[in-house]
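Just the heavy atoms: all of them, side chains too, but no hydrogens, waters or symmetry mates, feed the values below. Computed from a prediction, not measured in an experiment: that's the story for all the values here. Each ligand, and each atom within it, is numbered from 1 in the order the structure gives. Numbers for residues simply follow the sequence, beginning at 1.
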Amino acid sequence: MLLIKNGRVIDPASKTDANLDVLLDGEKIKEVAPAGKIAAPHGMEVFDASGLIVAPGFIDLHVHLREPGQESSETIETGTRAAARGGFTAVCCMPNTKPVNDNASVTRFILDRAKAGGSVRVWPIGAASVGSKGEAIAEIAAMKEAGIVAVSDDGKPIATAKLARQVMDYCRSLDLPVIEHSEDVSLAAGAVMREGVTSTRLGLRGMPAAAESVCVARDVQLAELTGARLHVAHLSAKASLEQVRWAKSRGLRVCCEVTPHHFTLIDEDVQYDSKFKMNPPLAAREDREALLAGLADGTVDAIATDHAPHEPALKDVEFDRAPFGILGFETALALALEQLVQSGRLSLMRMVELFTAGPARVLGIERKIAAGQPGDLTIFSANHSWTYHVKESPSKSRNSPFDGRAFKGGPTATVVAGRVVHRSH
Ligand code: DOR
Ligand code: ZN
């Protein structure tokens, strides 16, 4: 048994914000009571959470763990250790591994590895098409049987409207969300950052915002046609957000996520350094403003990191030649506190919702701090000063633009299935 004593429990699902004790027994929450009400029997493990916030376990809807196939960049073991350090208790891993997770045996392999060496829960996402090649639909039903929680061809969009329609039709009947990496590849061809004054100044090929929003518009129309659950991944453009807002106003089952790097940085921050290269690229100032408004007003459902490790040998090359992607786990909460809460834009309750009840809703599950619920908790500080040093990360990769950044507030401890899997201070 583990008693988390005297923390400020913030639980959006039950609209709780109070000083409480949380008792965990085995893998589950056993009791929640006003602070001081649960007596700790001799020998019980006690965690004093005075001055800290206790939230439901954070869920990351969008991560790349690189296993199988690219273990020199990350493994399920190293990636989930980094996730635990970032306060995440469950991560949904994208299928763009080698081989692609497009069949039940790869799904089972990932789940076996996670069980053997994972620090947090791993929920695989299956490919929408065979090899994510955009030609034939993947064996989605068999993968669902094996344990996938959604489908996506992430790294790329589902190649054609015809195939996207077919995938949505199929996933509607299986009640699985379709997660789209929204990109019109003809508009994005050859581009390595957002098109604008900065791309011109740096001499780098840019893609317009429409490279994303054209695909979001396509998929919103198809979600209406099919009745499918559509989730727009790493939404970065104002025009895309407007599509999602319109879809929601029509009552469509459309939702979206935003990454910490897109609500923190803009194209003007891009330096000729591949740590600023990711897809979708850092957007314009007005896009960031729109994302912040969407995070506040409820249009955005979740914060997801798009944790995309690439080993130094691959990433430390010219901007043009480097792969897209940056690390995300360990800076996500601190960036959210800084950009969303300390800036006065969002309440702490709303920020926590974007890491917990929001992503849970996207997956069609419920997560709250109540007796009988899984014993997953994220314990964090809203004001403790610390500096992120990427060299200290358990990740195998080092591709973060936030190395050396000082923060106020961040993860303190991560509890998964009743066990403390990470504790920082
Ligand atoms: O930045 C990105 N990295 N965007 C993607 O769509 C794929 C991802 C990766 O797999 O590295
Ligand atoms: Zn993507």
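Nearest to atom 11 (O) of ligand 1 among the protein's heavy atoms is R66 NH2, 2.7 Å. The single protein non-hydrogen atom nearest to atom 3 (N) of ligand 1 is F324 O, 3.2 Å, given as residue, atom name and distance. The closest protein non-hydrogen atom to atom 8 (C) of ligand 1 is H64 NE2, 3.6 Å. When hydrogens are left out, the protein atom nearest atom 10 (O) of ligand 1 is N96 ND2, 2.8 Å; that is the closest non-hydrogen contact. N279 O, 3.5 Å is the protein heavy atom nearest to atom 2 (C) of ligand 1.
In summary, the side chains of D153 and S129 do present a donor paired with an acceptor at a separation below 3.5 Å, with no hydrogens or angles considered. Judged by distance alone, the side chains of T78 and E74 do bring a donor and an acceptor atom under 3.5 Å apart. The closest side-chain donor-acceptor pair between H231 and E257 falls under 3.5 angstrom.
Of the candidates I365, V91, L61, W123 forms a side chain to side chain contact (heavy atoms under 4.5 Å, CB included) with just one, namely I365.
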*List the steps and the verdict of side chain to side chain contact (heavy atoms under 4.5 Å, CB included) for R288 and L292.*
CA-CA 6 Å; R288 176 174 173 268; L292 291 168; 3.8 Å; yes
*Verify side chain to side chain donor-acceptor pair (under 3.5 Å) between S119 and R81, making sure each step is shown before the conclusion.*
CA-CA 6 Å; S119 296; R81 268 204 284 143; 5.4 Å; no
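Annotation for ligand 1: atoms under 4.0 Å from non-hydrogen atoms of M278 are 1 (O). Annotation for ligand 1: atoms under 4.0 Å from non-hydrogen atoms of G155 are 6 (O), 7 (C).
Between K156 and E180 there is no salt bridge, since none of the side-chain N atoms of the basic residue sits less than 4.0 Å from a carboxylate O of the acidic one. With respect to the salt-bridge test (charged N to carboxylate O, under 4.0 angstrom), the residues R345 and E289 qualify. Ion pairing between E311 and K315 fails under the 4.0 Å rule for side-chain N and carboxylate O. Note on D301 versus K248: salt bridge recorded, some NZ/NE/NH1/NH2 to OD/OE distance being below 4.0 Å.
Using a non-hydrogen distance threshold of 4.0 Å, H310 registers as a contact of ligand 1. Contact analysis leaves P323 out of contact with ligand 1, as no non-hydrogen atom separation drops below 4.0 angstrom.
At a 3.5 angstrom cut-off on N or O pairs, I326 does not count as close to ligand 1.
With a 6.0 Å radius and a threshold of 12 heavy atoms from other residues, nucleotides or ligands, R405 has its CZ atom above the threshold.
At a 4.0 Å heavy-atom cut-off, ligand 1 touches H181 through the side chain alone.
Looking only at protein N/O/S atoms, the ones less than 2.8 Å from the Zn ion (ligand 2) make 3 in total.
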